Amino acid sequence: MKRTKIAHLLQSGAVNTTVNVRGWVRTKRGSKGVAFIQLNDGSTIHDIQIVVNLETLGEECVKNAHTGACLSVIGTLIASQGSGQSVEVQATEVVVLGEANPEEYPMQPKAHSMEFLRENAHFRPRTKTFSTVLRLRHGLAFAIHKFFHDKGFYYLHSPIITGSDAEGAGEMFRVTTLDAKNPPLNENKEVDFSQDFFGKATNLTVSGQLEGEIGAMAMGDIYTFGPTFRAENSNTARHLAEFWMIEPEMAFYELEDNMELAQEFIQYVIRFALENYADDLKFLDERLAKEESQKKAEERSGMGLIEKLRFVVDNDFKRLSYTEAIEVLKNSNHHKKGKFQYNDIKWGMDLQSEHERYLVEKEYKQPVILFNYPKNIKSFYMKQNVNEEVGKETVRAMDILFPGIGEMIGGSQREESYEKLLKVITDKQMPMESLWWYLDLRKFGTAPHSGFGLGFERLIMFVTGMSNIRDVIPFPRTPKSAEF
RNA sequence: UCCUUCUUAGCUCAGCUGGUCAGAGCACAUGACUGUUAAUCAUGGGGUCCUUGGUUCAAGCCCAAGAGAAGGAGCCA
């Protein structure tokens, strides 16, 4: 008999039909004559209740239906006599496809700590919270493709292995087939990468942006969406060594167009989640409310998860130039009372996360777009603003800051002038030879263009309300941790 | 990488000033119960107190080193 997914079963409500459901046991309970099994197959957050009449079917058939076991159940979908659910399956046949020895199976029908679940990442998707996160992760990925596709953007597959070491976004993972114990050396006693697989030193990509610009300078609007890798030894709830990034790159976009697109994009995908994953979000909303109620009053965010998402969808993000932001910080009571750890606020400094958090969480209480940053603290490829006083040069960069997350998006208008870009590269003593093709884009048919990068996991964190980035990716990669 | 904290039963944790301190709840097993919703009730099994070394008459508790984890910082997305 053909299997019906639980999501479909609950939606159709076709009572008095015979169905076959298959899934994993959440809990089993019951008395002498009847057993109740909560079965879940991942298709929805909701379980289906299986009712087993032990007198007619015998106790043996559910003896091994412990938490975690996989079952195939044939039965009749009926209106439930109980109050916890509207329909249930009155079983006529229960087959245990895969047992789960309760003495050894680590998952239990109770709340586990997120740490424990990370250590059991192979069973983690069987929990309510994590399967909900995974459904939303899928939904958001789909929404991202839909948003860009509907706008006429092309999905460009930037390389995972890169020979370019000039992206400057962070420490890189070396990719090599050379013998780690005994690598070939050149005259200078350095590793001779000319003998390596690619004939040169290669790494895992830290960003697809530079390749994205190649796409934009021919296809107009493109986006990349793939894994990126940073070998930074950062141990925080907001960083991963392997994470997914979305990087659109658009020809003929100025910084303002870039900011507009970024806001529209975030609002679109969040609206998509609200419209298509209401049940999952409701569960996360309640979960977060429970968590919040245990916090001290001053640490509470004051808004529920769904409320927060609606707010972001319905309101324009606050736009603020870096220079204005410095003024706001300087004039804040927080600063005057010396409450910032780095309280010496002056133009030209890189904003610390406490400053960003103050702006987003205390001053404006909404997403904030900061733009026009000092040239000296930003990347080489960003376009410089014109007519500025000496020592106060800025570039057309923008960051979008989110409450609880920090930087969600970093982007800029790119320098399209060959001469200006060449000068910056020379001044910064960057390796010209690996950037020849990047410079060629300016030499031949250059155009104003812009783009940004969005950390997919940080978006998922915001939408799900999860507080640790390791809990929004199936297989987190962090320093000292690559199990599974 | 730095700072702080943590590591006791399968899980979540308690364990006071170093001296009946090997404990609870849940889970699990067995039994009871005619429809349960984290079912309930009774009984039971279950421990390298992270590791190593030290102090002490005596260490789960104090000290040192190591391992792992969490939170914060830096870096960033």
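Computed from a predicted structure; not experimentally measured. So that the names make sense, note that chain A is the first sequence line, chain B the second, and so on, each numbered from 1.
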Give a yes or no on whether a salt bridge exists between [X] and [Y], defined as a side-chain N under 4.0 angstrom from a carboxylate O.
{"X": "A/Arg22", "Y": "A/Asp41", "answer": "no"}
{"X": "A/Lys282", "Y": "A/Asp280", "answer": "no"}
{"X": "A/Arg396", "Y": "A/Glu415", "answer": "no"}

Identify the nucleotide, in any strand shown, that forms a Watson-Crick or G-U wobble pair with [N], with both distances under 3.5 Å; if there is none, say none.
{"N": "B/A64", "result": "B/U52"}
{"N": "B/A58", "result": "none"}
{"N": "B/C76", "result": "none"}
{"N": "B/A70", "result": "B/U4"}
{"N": "B/G18", "result": "none"}
{"N": "B/U43", "result": "B/A29"}

Given [N], is OP1 or OP2 found less than 4.0 Å from the side-chain N or O atoms of [X]?
{"X": "A/Arg470", "N": "B/A69", "result": "no"}
{"X": "A/Arg29", "N": "B/U36", "result": "no"}
{"X": "A/Thr27", "N": "B/A39", "result": "yes"}
{"X": "A/His66", "N": "B/A29", "result": "yes"}
{"X": "A/Asn468", "N": "B/G71", "result": "yes"}
{"X": "A/Ser83", "N": "B/U37", "result": "no"}
{"X": "A/Lys32", "N": "B/C33", "result": "yes"}
{"X": "A/Thr236", "N": "B/C76", "result": "no"}

| remark: The answer to which of A/Asn233 and A/Gly453 contacts RNA chain B further toward the 5' end, by nearest nucleotide, is A/Asn233
| said: Taking the nucleotide of RNA chain B with the nearest heavy atom to each, does A/Ser234 or A/Asp399 sit closer to the 5' end? | reply: A/Ser234
Pick base, sugar-phosphate or nothing for [X], based on heavy-atom distances below 4.0 Å to the nucleic acid.
{"X": "A/Gln90", "result": "base"}
{"X": "A/Glu356", "result": "nothing"}
{"X": "A/Ile405", "result": "nothing"}
{"X": "A/Met107", "result": "nothing"}
{"X": "A/Gln81", "result": "base"}
{"X": "A/His112", "result": "sugar-phosphate"}
{"X": "A/Gln108", "result": "base"}
{"X": "A/Phe243", "result": "base"}

| request: Using the six-membered ring of A/Tyr373, assess whether NZ or CZ of A/Lys378 lies under 6.0 Å from its centre and within 45 degrees of the ring axis. | output: yes
| said: Can a donor-acceptor pair be found, under 3.5 Å and without considering hydrogens, that links the side chain of A/Ser412 to the backbone of A/Met382? | reply: no
| For A/Leu117 and B/G10, what is the distance between atoms CG and C1' respectively, to the nearest whole Å? | 14 Å
On a whole-Å scale, what distance lies between the [atom1] atoms belonging to [N] and [M]?
{"N": "B/C33", "M": "B/U43", "atom1": "C1'", "value": "16 Å"}
{"N": "B/C49", "M": "B/G60", "atom1": "C1'", "value": "5 Å"}
{"N": "B/G15", "M": "B/G23", "atom1": "P", "value": "16 Å"}
{"N": "B/G47", "M": "B/U34", "atom1": "C1'", "value": "41 Å"}

| message | Before we go on, tell me: are the rings of A/Phe147 and A/His149 under 6.0 Å apart, centre to centre? | response | no
| request: Decide if the gap between the ring center of A/Phe243 and the ring center of A/Phe229 is smaller than 6.0 angstrom. | output: no
| query | Counting side-chain heavy atoms from CB outward, which of B/C75, B/G68, B/U37 is closest to A/Gln49? | reply | B/U37
| said: Which nucleotide wins on minimum distance to the side chain of A/Ala237, given the candidates B/G74, B/G71, B/A27? | reply: B/G71
